Amino acid sequence: MPPLALPLLKLFRYNNKDNLQRLATWCCALHTDGGMWSLGSNRSSNKANLMVATFDSVPLAQTARKVWGHLLAPNMCYSSISSEERTNWLWSIYNENKTQIEALVPGMLNSSVNPDTIFANNEMSLQDIEIYGFDYDYTLAFYSSHLHTLIFNIARDILIEQHRYPEGLREYEYIPNFVVRGLHYDVQKALLMKIDAFHYIQLGTVYRGLHPVPDKEVIAMYEGSHVPLEIMSDFYGKSSHGHTMKQFMDIFSLPEMNLLCCVNDYFMKHNIDYEPVHLYKDVKEAIGDVHVKGIMYRAVEADIDKYICYGEQTHAVLRKLFENGKKMFLVTNSPFDFVDRGMNYIVGKDWRDLFDVVIVQADKPGFFNDRRRPFRRVTDKGVLLWDRIHRLEKGQIYKQGNLYEFLRLTGWRGSKVLYFGDHIYSDLADLTLKHGWRTGAIIPELRKEIKKMNTEKYVHNMTWLQALTGLVERMQVHRDPASQAVVQEWIKEREHLRSQTKDIFNAQFGSLFRTYHNPTYFSRRLSRFADIYMPSLSCLLNYDLQHTFFPRRTPLQHESPLWPEQGSAGVPCTPPPS
């Protein structure tokens, strides 16, 4: 808090009521070993006596005189002050800090974060980038919420018609705002939850079916709230011990999580004994059939206006790169007919003229690791040719292949390549860890979360939450019953504030990027595998192609924040179009 961080000498220098009150508050935070309080030299004590004498006759000043009288006496303990005086003193600090936070909020709202900013995890200059690569789904093409409803309904019907699940499941519909990306699912226990970067479950975000699991029950099941490393997914999001914890990193996984919760809910509601592992496998297979068998592709192509959000700005980004002489390529797991139909809608019939290489059905992440699969050329009618590929030609369509062959044929290596994708593991992890490409993560949820962070409710809650946490941290050293009673009330208020702040983003699971205070497991992987991240490619329109992105230098826990705080790091000088 600013009043508690002001240097003592600075408060001595300006002898007015506000600074005297700040001095009293600041000194309340000074605590030496053994519960003793100290002000330093006799000279300082004389100045302190002078200042206490100048306080106006207000409750804070009266309390300050009483406390200072004890503190100035040699070797006087805090415990010599009465319980009522301790309580009044702590609440006076609380009220002063809360008043000052209220005054800060309007100014903080004026320095809100631009939702069209590109954020940097690692320093990177666009001046060094010569080749731009793209995924297709949720990178070049964005889909409406109707697509998730479609996937859910088709997979639900597959469970009923092909896996002989109860007909009553048709009563369940897709719930748009129930889950968020990045959640973990305990396959053995049939629990969906949010886990932080340190493998701790965020209590209050554990669901069995459509209902939360009480914290006590969660703690009993896991013998605490920590999830052991051996049942977590590995560095690439895969489990090394079979079906244990599954992390849902794909935007297409939202319908899958919804379906798992709905089927679990039906079985519990009707007291049906079932094996959670079988349920997980069946739902996974049903969701896979929607994609693999082309059901989703045909539905989207038949009603493209309903499912694809028109991408005029995507076209503008590609055109900007093309006109600046940048090479571009596309690597997607989707089939050519589906991509061609979507790109015709988003960019136009000449979309292939913008790309130097187009690769479909790449089978990522296998594309980045399997050296054995060669490329095959695909005709415009979808016919696979058998001839050996000696070079990747502009205007042609290629299927499968692998990255090592791609590098050999193109020579596009290292940090001059920037690849954009929405899946942290499948699109970005191998490229940054093994091949040294620069990576950009497209996080569509980011824009909506930033807008919520810019609201007065969020700014007020978060600012006061941090201030209150600071008060608890400093004042917990007073172990007498009266002081502890006050601190415990602050702790309860803090818990309530944390829950309120979570609900601003999502009532069940909160923010994609944070648990109550730590980064989420998703957020930590994002910071490791993506040099930059943004809500959509359209953000590139706000920057010239010489721009350098700098990550914020946030102080480590043992560092003092000696440099000025940045406002909205990375916000372009020219504001984006309204």
Side-chain angles (χ1 to χ4, degrees), residues 128-141 234-238 249-250 291-292 297 318 321-322 325-340 342-343 351-442 529-531:
D128 299 329
I129 306 301
E130 300 173 10
I131 304 109
Y132 287 77
F134 305 92
D135 180 34
Y136 175 69
D137 296 303
Y138 287 107
T139 300
L140 294 175
D234 66 12
F235 205 58
Y236 293 95
K238 297 178 181 178
M249 296 291 276
D250 191 354
H291 296 272
V292 174
Y297 300 135
L318 297 177
L321 297 175
F322 179 79
K326 304 299 181 180
K327 295 184 180 299
M328 289 184 284
F329 65 95
L330 173 65
V331 180
T332 176
N333 287 348
S334 294
F336 174 68
D337 288 345
F338 180 70
V339 174
D340 186 51
M343 291 297 283
W351 70 270
R352 287 163 62 180
D353 295 340
L354 300 175
F355 290 89
D356 295 271
V357 179
V358 175
I359 301 167
V360 298
Q361 293 177 278
D363 192 27
K364 295 178 292 182
F367 177 84
F368 299 126
N369 297 293
D370 190 346
R371 296 172 179 261
R372 297 168 296 176
R373 295 180 310 168
F375 285 106
R376 296 195 71 171
R377 194 154 58 87
V378 185
T379 68
D380 289 349
K381 295 183 179 180
V383 177
L384 289 173
L385 302 181
W386 49 262
D387 54 318
R388 185 188 295 272
I389 305 300
H390 293 285
R391 63 181 181 274
L392 299 175
E393 300 177 8
K394 185 169 184 173
Q396 301 296 325
I397 306 298
Y398 299 94
K399 178 181 176 180
Q400 296 178 350
N402 65 82
L403 183 64
Y404 297 92
E405 186 70 0
F406 179 88
L407 296 176
R408 185 182 70 83
L409 295 173
T410 63
W412 295 346
R413 299 178 182 276
S415 57
K416 66 181 180 181
V417 185
L418 171 59
Y419 184 80
F420 292 96
D422 69 291
H423 198 298
I424 309 302
Y425 295 138
S426 295
D427 288 326
L428 309 180
D430 288 302
L431 294 177
T432 188
L433 292 175
K434 295 181 179 180
H435 302 286
W437 284 12
R438 309 312 291 264
T439 52
I442 303 299
F529 298 144
D531 291 292

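It should be emphasised that the depicted structure is a prediction, and the values quoted were computed from it without experimental measurement. In what follows, residues are counted from 1 in the order of the sequence shown.
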For [X] and [Y], work out which heavy atoms get closest and say how close.
X: G421; Y: D427; answer: CA-OD2, 3.6 Å
X: L418; Y: G440; answer: CD1-N, 3.8 Å
X: F368; Y: D430; answer: CB-CB, 3.8 Å
X: L428; Y: A441; answer: CD1-CB, 3.7 Å

Among all residues two or more places apart in sequence or in another chain, which pass the side-chain hydrogen bond (donor to acceptor under 3.5 Å, both in side chains) test with [X]?
X: D380; answer: R352
X: R376; answer: none
X: Q361; answer: none
X: Y136; answer: none

Do any side-chain atoms of residues 383-390 form donor-acceptor pairs under 3.5 angstrom with protein atoms, and if so which ones, sequence neighbours left out?
none

State whether the side chain of D531 and the backbone N or O of T439 hold a donor-acceptor pair below 3.5 Å, judged by distance alone.
-> yes
Examine distances only and state if a side-chain atom of K399 and a backbone atom of F336 form a donor-acceptor pair shorter than 3.5 Å.
-> no
Using the side-chain contact (heavy atoms from CB on, under 4.5 Å) rule, take L354 and M328 through it: C-alpha gap first, then chi angles, then the decisive distance, then the call.
-> CA-CA 7 Å; L354 300 175; M328 289 184 284; 4.1 Å; yes
Mind checking whether [X] and [Y] have side chains closer than 4.5 Å, heavy atoms only?
X: L330; Y: W351; result: yes
X: Y425; Y: D250; result: no
X: V358; Y: M343; result: no

Contacts of [X] that satisfy ring pair (Phe, Tyr, Trp, His ring centres under 6.0 Å) - sequence neighbours left out:
X: Y297; value: F338
X: F406; value: F329, W412
X: F134; value: F420
X: Y398; value: none

Gap between atom [atom2] of [Y] and atom [atom1] of [X] - 0.5 Å precision:
X: L403; Y: N369; atom1: CG; atom2: CG; value: 8.5 Å
X: R408; Y: R371; atom1: CZ; atom2: CZ; value: 12.5 Å
X: T139; Y: I442; atom1: OG1; atom2: CD1; value: 5.5 Å
X: D128; Y: K416; atom1: CG; atom2: NZ; value: 12.0 Å
X: L392; Y: T410; atom1: CG; atom2: OG1; value: 7.0 Å
X: L431; Y: W437; atom1: CG; atom2: CH2; value: 5.5 Å

Return the set of residues passing side chain to side chain contact (heavy atoms under 4.5 Å, CB included) with R373 (not counting sequence neighbours), or none when no residue passes.
-> D363, F367, D370
For N402, which residues count as a side chain to side chain contact (heavy atoms under 4.5 Å, CB included) partner, sequence neighbours excluded?
-> Y404, E405
Could you note down all residue pairs passing salt bridge (charged side-chain N to carboxylate O under 4.0 Å, His left out) where residues 129-140 supplies at least one of them, sequence neighbours left out?
-> D135-K364
Side chain to side chain contact (heavy atoms under 4.5 Å, CB included) test vs V339 passes for just one of N333, T332, I397, L140, namely T332
Could you please spell out the steps behind the side-chain contact (heavy atoms from CB on, under 4.5 Å) verdict for H435 and L407?
-> CA-CA 10 Å; H435 302 286; L407 296 176; 3.9 Å; yes
Do Y132 and L318 pass the side-chain contact (heavy atoms from CB on, under 4.5 Å) test, and can you show the C-alpha distance, the side-chain angles, and the key distance before you say yes or no?
-> CA-CA 9 Å; Y132 287 77; L318 297 177; over 6 Å; no
